[in-house]
Structures are given as structure tokens and as C-alpha cells.
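Start at 1 and go down the list; that is how both ligands and their atoms are numbered. The chain is numbered in sequence order, starting from 1.
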Amino acid sequence: RIRKINECANLPAITKDGVEINLYLNIGDSERHSDDDVDKSTVEGVGLLRTELIYMKSSEFPSEEKQLYIYREILKDFSRDQSIVIRTLDIGADKQLSYFKMHSETNPFLGLRGIRFSFENEDIFKIQLRAILRLSNEKNIKIMYPMITNLDEVDRANSILDEVKDELRRENIPFNENIEVGIMVEVPSVVLMAEEFAQKIDFFSIGSNDLTQYILAADRLSETVGDMYDSFNPAVLRGIKIIKDAADKYGKKVSVCGEMAGDPRAVVALLSIGIKDLSMVETSIPMIKALIRNLNYQELVLLKNELLKCGNPEKVKNLLKEKIMYLD
Ligand code: PEP
Ligand code: MG
């Protein structure tokens, strides 16, 4: 079975009835792992570049030049036409910097993290945006903001981005004038305001790790309520469905880049909801390709209503289990 899965590593992610699914990689740094055996040209690109790891490994905030150097290094195996989504710094809560003292808060997960930190530290945000924009002259780069909660935050981040673009124009530094900008869907307010957000952005990327913890009010790292933290909770699936519908209504792209995208049962659920773009760690690619190549898309579409009607995570998981039996 393992051999069969590994054989799929470099094959296309296409269902038995011919529906193509786009797979992307989640990347955190430039380190190579021994089990990295996926040919980069057999995925669509990078769905999530978690830039905070670069900041966490550094001993001070990395300069524009240093960032540019590291991004180039990380992305050197990707071609110009592969899509690369760079997420701006998502620091705070579980992700801390040794050289920067964060405010001490009772609930850091509900505090200054993600884009909120970037607004508080605009100079650091601008340096990163400059590096990302410069890179957009070399690769097919897209920008993504983490932990977006309110509509105004998209405007605020975009107006800082506009200032940085102006600066670069004045300095005659080239960048992609039409760079796409998207947001992570991690906070339930984005689901509830999905249609309004859809009109402001180029793409949504669903961060199911945080979205699950915030929809269910269950800490993703908790030892006491770990059982409650469950992405198969129908409330999470319905949230994803709402985002997908809003994206479709306004012709925007939507992908999933949380752990769900690399979990076979969750992938069955996501495909049935209509998600066709999945971003995951490299080690999940062979397994997910093997799964997709054994699925019948039309059957999954029929599963959707039944899935969304489930009242609890167990019912969801039982429904999904049948579809991946052959993998057990
Ligand atoms: C997520 O929240 O699902 C996500 C992809 O972001 P991170 O895991 O880095 O918080
Ligand atoms: Mg997150």
C-alpha cells in the first residue's frame, strides 16, 4: 500500500471521472527534509508560505534584503508560472520572537496576533511588503493577510500596501502592479460577513486550524478540551460552505491551507463542498494524490447535502469513512 501511495507522488491529482484538483505546498522555511520527494513541477505552486518561521529563526527582525534572499532560496525550485502565496507575518499567541517582547495578555489567541501585530508595528510590515513586492517581479507572487477580522482591516492593509507601492515606483524598483491580494479565513466574523469580504479581495484561503478553534471556542493546543477541537464539527463544514458560496457569487478563488487539506477524510468533505484547491505539507502530497485518484467526483457532490445535515462530528466522520475505506 505504501508503495502504491508513493507511486502517486508525481502523478496528477485527478479524480477517476476526470476532475482536476489543484494541490499546493505549505512551506515554512528553506530546510530540506529527507522525505521531500515531490517534484515541485507536479504541484500548482505554494498555497501558504508561513513567513513567521523566518522571523522566529532570526535574531532580529530580518531586513528587506535578507528576506528577499531567503524567499528566493525557498522558492528557487518553483517556476515563474506557478502560483506562490506569501502570508505576511503571523506572529503572536503560539508564535513568539525571542528578540521582541510581546504584551502580556490573558488570552493571547484573542489578542495581538497576525495582521493586528502588523498594524501596531507598521514599519516592520512595510519592510516585509517591500520584499514581497520586489519578489513579484521575478515570480507569480500573491499576498495574503492573516487573522483578518473586520472589513476595515482589509482597507487598512491595502492602503499601507499602496504606500509601499508608491515608494517603489518613486525609486524605480519594478514589481507586479496587478499583484493579487487575499485573506486567510480564520475568524468566524469573516464567515458571517463572507459576501462583503468577497467583494474586497482576490482570494480566500481557509485556515481551518484557527477557524476550528475560533468557531468552537476550543484552544487548538489544549489538553483539556482537545476532543472538542474537531474540524469535522458540522459547524466548521458549514462555515467553509458559506465562504465557498460567497467566493463563487463574486467569482473569487477559494482554497484550504489548514491541516484539513492534508487529511484524507477531510479532503473528501472539502471536495464534496466544492473546494478544488488544497494546500498541504509536502509529506501529505503522495497520500492525497492517491486518494483523489481513487475518488469519483460526482459521488462526492451527491454526498454534500447529507454531510451538511449531520448534527455532530461522529456522523460526519462515519459518512466520510466509507469513501476512503480502500486506504485503511
Ligand atoms: C490555519 O490557521 O489553519 C493556518 C493555516 O495558519 P497557522 O496554522 O499558521 O495558524
Ligand atoms: Mg492560522
Side-chain angles (χ1 to χ4, degrees), residues 22-29 31 45-57 74 83-97 102 107-118 128 142-150 153-154 157 182-191 194 197 201 203-222 226 228-233 235-237 239-240 242-244 253-263 265-267 269-270 273 275 277-285 288:
N22 303 314
L23 303 190
Y24 305 82
L25 299 184
N26 284 0
I27 301 187
D29 55 43
E31 260 170 39
V46 176
L48 169 64
L49 200 162
R50 285 185 168 99
T51 59
E52 51 279 0
L53 295 189
I54 296 162
Y55 290 71
M56 287 160 82
K57 278 187 169 177
I74 293 175
S83 164
I84 309 286
V85 177
I86 302 188
R87 179 172 78 181
T88 62
L89 187 55
D90 183 22
I91 212 71
D94 53 328
K95 298 161 188 145
Q96 295 287 330
L97 303 176
M102 302 283 271
N107 288 311
F109 274 110
L110 304 182
L112 196 73
R113 59 168 305 204
I115 196 72
R116 304 169 186 183
F117 176 89
S118 293
Q128 182 172 38
K142 294 162 188 174
I143 297 177
M144 178 157 75
Y145 304 132
M147 274 300 284
I148 290 285
T149 308
N150 294 311
E153 291 170 334
V154 179
I183 61 168
M184 294 282 294
V185 180
E186 295 167 295
V187 182
S189 61
V190 177
V191 175
F197 276 101
I201 49 114
F203 62 91
F204 286 120
S205 187
I206 298 172
S208 54
N209 308 336
D210 276 313
L211 188 60
T212 300
Q213 90 165 338
Y214 293 130
I215 284 184
L216 302 175
D219 183 343
R220 65 196 260 190
L221 305 173
S222 170
M228 285 186 73
Y229 177 89
D230 191 340
S231 296
F232 293 98
N233 191 301
V236 176
L237 298 184
I240 294 171
I242 290 171
I243 292 292
K244 169 71 178 139
K253 287 174 281 192
V254 49
S255 62
V256 172
C257 67
E259 300 296 315
M260 284 181 92
D263 175 305
R265 277 182 308 184
V267 166
L270 295 172
I273 292 172
I275 304 281
D277 291 74
L278 303 169
S279 191
M280 66 201 74
V281 289
E282 187 153 355
T283 46
S284 298
I285 292 277
I288 298 303

### Steps toward side-chain contact (heavy atoms from CB on, under 4.5 Å) verdict (Glu153, Tyr145)
CA-CA 9 Å; Glu153 291 170 334; Tyr145 304 132; over 6 Å; no
Close-contact set for ligand 1 against [X] heavy atoms, below 4.0 Å:
X      : value
Met184 : 4 (C), 5 (C), 6 (O)
Asp210 : 1 (C), 2 (O), 3 (O), 10 (O)
Leu48  : 5 (C)
Arg220 : 2 (O), 7 (P), 8 (O), 10 (O)
Gly258 : 3 (O), 5 (C)
Ser208 : 3 (O)

### Query
So which protein N/O/S atoms does the Mg ion (ligand 2) have within less than 2.8 Å?
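Near the Mg ion (ligand 2), below 2.8 Å, one finds Glu186 OE2, Asp210 OD2.
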### Query
At a non-hydrogen distance cut-off of under 4.0 Å, which region of Lys95 contacts ligand 1 (side chain, backbone, both, or neither)?
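The answer is the side chain of Lys95.
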### Message
Do Gln128 and Thr51 pair up side chain to side chain, a donor and an acceptor below 3.5 Å, judged on atom types alone?
### Response
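Yes, because at least one side-chain N or O of Gln128 sits under 3.5 Å from a partner of the opposite role on Thr51.
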### Task
Give a yes or no on whether Met102 atom CE has more than 12 heavy-atom contacts from other residues, nucleotides or ligands under 6.0 Å away.
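Buried by this count: over 12 neighbours within 6.0 Å.
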### Message
Under a 3.5 Å distance rule, please check whether Tyr229 uses its side chain to pair with a backbone N or O of Asn209 as donor and acceptor.
### Response
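It does hold such a pair.
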### Polar side-chain atom of Asp263 near backbone of Ala266 as donor-acceptor pair, under 3.5 Å
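Yes, because the side chain of Asp263 sits within donor-acceptor range (under 3.5 Å) of the backbone of Ala266.
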### SB check Asp90 Lys95 (cutoff 4.0 Å)
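Here Asp90 pairs with Lys95 in a salt bridge, since their nearest N and O are under 4.0 Å apart.
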### Message
Can you give me the closest heavy-atom contact between Ser189 and Thr149, atom names plus distance?
### Response
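Taking Ser189 first and Thr149 second, the nearest heavy atoms are OG-O, 2.7 Å.
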### Protein heavy atom at shortest distance from atom 5 (C) of ligand 1
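Here the nearest protein heavy atom works out to Arg50 NH2, 3.5 Å.
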### Residue pair Met184, Ile148: steps toward the side-chain contact (heavy atoms from CB on, under 4.5 Å) verdict
CA-CA 7 Å; Met184 294 282 294; Ile148 290 285; over 6 Å; no
### Query
Could you go step by step and tell me if Leu270 and Ile240 meet the side-chain contact (heavy atoms from CB on, under 4.5 Å) rule?
CA-CA 8 Å; Leu270 295 172; Ile240 294 171; 3.9 Å; yes
### Query
Where do Asn233 and Met228 land on the side-chain contact (heavy atoms from CB on, under 4.5 Å) test, with the steps shown first?
CA-CA 9 Å; Asn233 191 301; Met228 285 186 73; over 6 Å; no
### Task
Output the distance between atom CD1 (Ile206) and atom OG (Ser231), rounded to the nearest 0.5 Å.
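OG of Ser231 is found 11.5 Å from CD1 of Ile206.
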### Query
Does ligand 1 have any atom that is closer than 4.0 Å to a heavy atom of Arg87?
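The answer is yes, since Arg87 has a heavy atom less than 4.0 Å from ligand 1.
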### Gly207 N/O to ligand 1 N/O under 3.5 Å
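Yes; the residue has a nitrogen or oxygen that sits under 3.5 Å from a nitrogen or oxygen of the ligand.
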